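This report concerns only the one structure given below.
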Amino acid sequence: MEKNKSVKRMDWRQKVLISILGSFIVILSILFCITYHYFVKKIETGNEKVVLMTFEQAEKNLKNVLENAELCLDKYVTNDLIWDYKNDYPETDVESNKLKVRITDSFIDEMAVNRELSALGFLRGDGWGIVSSAFRKNRTGNTQISGKLLKILRQSKDVYPYTTWLPSWELNLNNDSPLRLMTQNASLIGIKALGENSELEKDGYLIVAVSESNLQSTYRSVAFDDSTAVLVDGNNQIISNVGEDLLGEQLETGNDTQNIEYALDIYDWKLCDMIPKQEYMKDAKDIRNFGVLMCLAAILSTVFVSIVWSRKYTRPIELLMRNMHHVRRQEFEIDKPQKLGWEELDQLNEELYYTAQSIKDYIERLKLVEKKKTEEELLALQYQMNPHFLLNSLNSIRWMAMMTNNKIVADTLVTLGKIITPMLRNPSLTWKIENEIEFLENYVAMMQLRFSHDMEYNLSCSKECYDLEFPRLILQPLIENCFVHGSSRGEIRTINVIIECDDFIDVKVINSGVFFTKTQLEEIYIKMQTASKASDHIGMSNVYKRLNLLYGDLGKMTVESNEKCGFIVEVSFPKTAKCKIIIR
């Protein structure tokens, strides 16, 4: 037989390794992406929380600046100087110049008190106006009212008595207009109509400018980490900004910025902080790069561990598969496995090896049993001739006794033949109670001839019990003990056999000629259990052992003695239980 024949190598190790590595990479990539996007979202959420906290204060600051500017305009609505200039009074140039100087001085004094204002001015409906700036610059002259400016003035008339705010670059002024002084360093222009006359050219307009720097100071705290904070009007146009110059542009949502918007309660405006993603994404990119390196390190480690694990796992499995292949082909000559990998798999290989050895030993034992069985069958065939020879010989001796008129010898031989015949021809363990009774009658007749008929024999059994199964020859040793130990030539003694059938078959054998003390009964019981061949109670020991083998704990045998009845042996075993050999 070829030993340890090589089995074709399977590629399942590579499949297992690739599956584990692929699953690990997929899971690691998913976890990394989830973690990375979660971290980025966390940064954006943090930015939004910080900015929204500052937006509320910025809104309050912006409202204060605009309300102060509007209060200033409201104060000049009732100023006599403004009304004199509006009505073109006085008419002389000298008085008119003095009036202009007084108005500009008043404007300068007001701006000195309210430093958030960068310029104050007044424009008549015919285009003449006067302007003062916070830098003590004054301008007077004519402004062409047309186009965009005309539209703005009409809008201010429509919203009277409220103030109209607009970006300074939307005034669209001619080069000689004194209002150009207001657009310098200004971000917002507020225009308030006096509202005296329904006609545009006959009314007057107070104008205030808020500088970009003062306006930015109200919401500068919103900007952080190089972000750009902007103030946006209702048309989504940027009218003020901190950071990058975006004045006049439309607010757009870009992919490179995170726009955090906050709607204001005034004029449909809103504040927006545009945070460059590249700034706060630096940390995320660092984490991403670090995560990529860790993933690569984890993958390399997994490959290394998988290779080592694969060797420790697959080599024992390959050996196991190879040995199982040999066992399936009934090739039990396999080598004892060495330690190749995991302890559990090595132990499994050892178990297979020892199992194969056990199977091999069992097959060898079966071969020996078959050989022995063949020999026993030959001997059984040979021994089948012995009973026939013995019976034929007894019949020949009986014929010779009858020829010589020796009737006693002839009858004795007949009885002996009746005893021997069922013993030799029936090999089973049980027979019917009727057969046992018949056998006992022949056996007792034989023993009475031997012991000169000094023992009387009585048997009591209901006819209903005759068909029940009964252990063969179980009572013969007990009857023999009665003749051997209980007979007496001086008196006639009796042997009483009582068989009762209920759930159990109970048999009592009573010998009236023997009495034992309690101590002697204990000795008999011990000898009965030890089953010594040298014992003088070997027959009782034989019965005890047969009951134990046939019925186990359900078979009982007890002995007792009293002066009135003599020696009593009681045997009990189940009626319905099948007789079987119980190995202990």
Side-chain angles (χ1 to χ4, degrees), residues 40-74 114 116-118 148 151-152 154-156 158-171 186-192 208-281:
V40 172
K41 190 66 177 178
K42 202 72 175 176
I43 293 177
E44 293 178 348
T45 303
N47 291 340
E48 188 172 353
K49 288 182 179 179
V50 172
V51 172
L52 290 176
M53 290 173 60
T54 56
F55 271 149
E56 295 180 0
Q57 184 61 42
E59 181 181 23
K60 294 179 181 179
N61 297 337
L62 181 60
K63 283 183 177 180
N64 289 334
V65 170
L66 297 180
E67 287 175 358
N68 290 338
E70 291 177 359
L71 288 175
C72 178
L73 295 179
D74 291 340
N114 193 346
E116 296 169 348
L117 306 180
S118 62
K148 186 71 172 178
K151 182 178 180 181
I152 292 171
R154 286 176 177 172
Q155 182 179 356
S156 66
D158 294 338
V159 299
Y160 176 83
Y162 301 104
T163 302
T164 299
W165 290 96
L166 69 153
S168 59
W169 60 84
E170 289 190 2
L171 290 177
S187 176
L188 286 180
I189 300 295
I191 300 176
K192 184 179 181 64
V208 64
V210 179
S211 68
E212 177 68 12
S213 59
N214 290 334
L215 192 61
Q216 291 178 7
S217 64
T218 61
Y219 62 93
R220 188 181 301 276
S221 59
V222 174
F224 70 99
D225 290 342
D226 297 328
S227 65
T228 300
V230 297
L231 178 63
V232 183
D233 62 10
N235 297 321
N236 215 34
Q237 178 180 301
I238 299 175
I239 56 178
S240 177
N241 65 270
V242 176
E244 186 179 355
D245 187 10
L246 300 174
L247 294 177
E249 298 183 8
Q250 291 290 317
L251 178 65
E252 296 180 357
T253 301
N255 295 328
D256 55 346
T257 60
Q258 177 190 0
N259 290 0
I260 304 173
E261 299 181 0
Y262 180 81
L264 301 178
D265 293 338
I266 53 175
Y267 312 120
D268 294 330
W269 292 355
K270 61 183 177 182
L271 286 170
C272 179
D273 189 20
M274 298 185 295
I275 305 174
K277 290 185 178 180
Q278 62 180 4
E279 292 299 325
Y280 67 80
M281 288 294 288

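This structure is a prediction, so every number in the text was calculated from the model and none was measured.
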Output the distance between atom [atom1] ([X]) and atom [atom2] ([Y]), rounded to the nearest 0.5 Å.
X: Ile238; Y: Leu246; atom1: CD1; atom2: CG; result: 4.5 Å
X: Leu247; Y: Ile239; atom1: CG; atom2: CD1; result: 9.5 Å
X: Leu271; Y: Leu231; atom1: CG; atom2: CG; result: 5.5 Å
X: Leu264; Y: Glu59; atom1: CG; atom2: CD; result: 5.0 Å

Checklist outcome for this item: Applying salt bridge (charged side-chain N to carboxylate O under 4.0 Å, His left out) to Asp158 and not counting sequence neighbours gives none
Item to check | With sequence neighbours excluded, residues passing salt bridge (charged side-chain N to carboxylate O under 4.0 Å, His left out) with Glu212 | outcome: none
Looking only at heavy atoms, what is the nearest atom pair of [X] and [Y], with distance?
X: Trp165; Y: Ala69; result: CH2-CB, 3.6 Å
X: Glu261; Y: Cys272; result: CG-SG, 3.7 Å
X: Ser211; Y: Ser118; result: N-OG, 3.4 Å
X: Thr218; Y: Leu62; result: CB-N, 3.8 Å
X: Lys63; Y: Ile266; result: CE-CG2, 4.0 Å
X: Lys270; Y: Ala263; result: CB-CA, 3.9 Å

Next on the checklist: Assess the residue pair Val222 and Tyr262 against the criterion (side-chain contact (heavy atoms from CB on, under 4.5 Å)); give the C-alpha distance rounded to whole Å, side-chain angles, the decisive distance to 0.1 Å, and a yes or no.
Outcome noted: CA-CA 11 Å; Val222 174; Tyr262 180 81; over 6 Å; no
Checklist entry - If you draw a 6.0 Å radius around OH in Tyr162, do more than 12 non-hydrogen atoms from other residues or ligands fall strictly inside? => result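 Open.
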Next on the checklist: Is the shortest side-chain heavy-atom distance between Cys72 and Leu117 below 4.5 Å?
Outcome noted: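 Yes, side chains in contact.
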Checklist entry - So do the side chains of Thr54 and Asp273 get within less than 4.5 Å of each other, counting heavy atoms only? => result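 Heavy-atom side-chain distance check fails, nothing below 4.5 Å.
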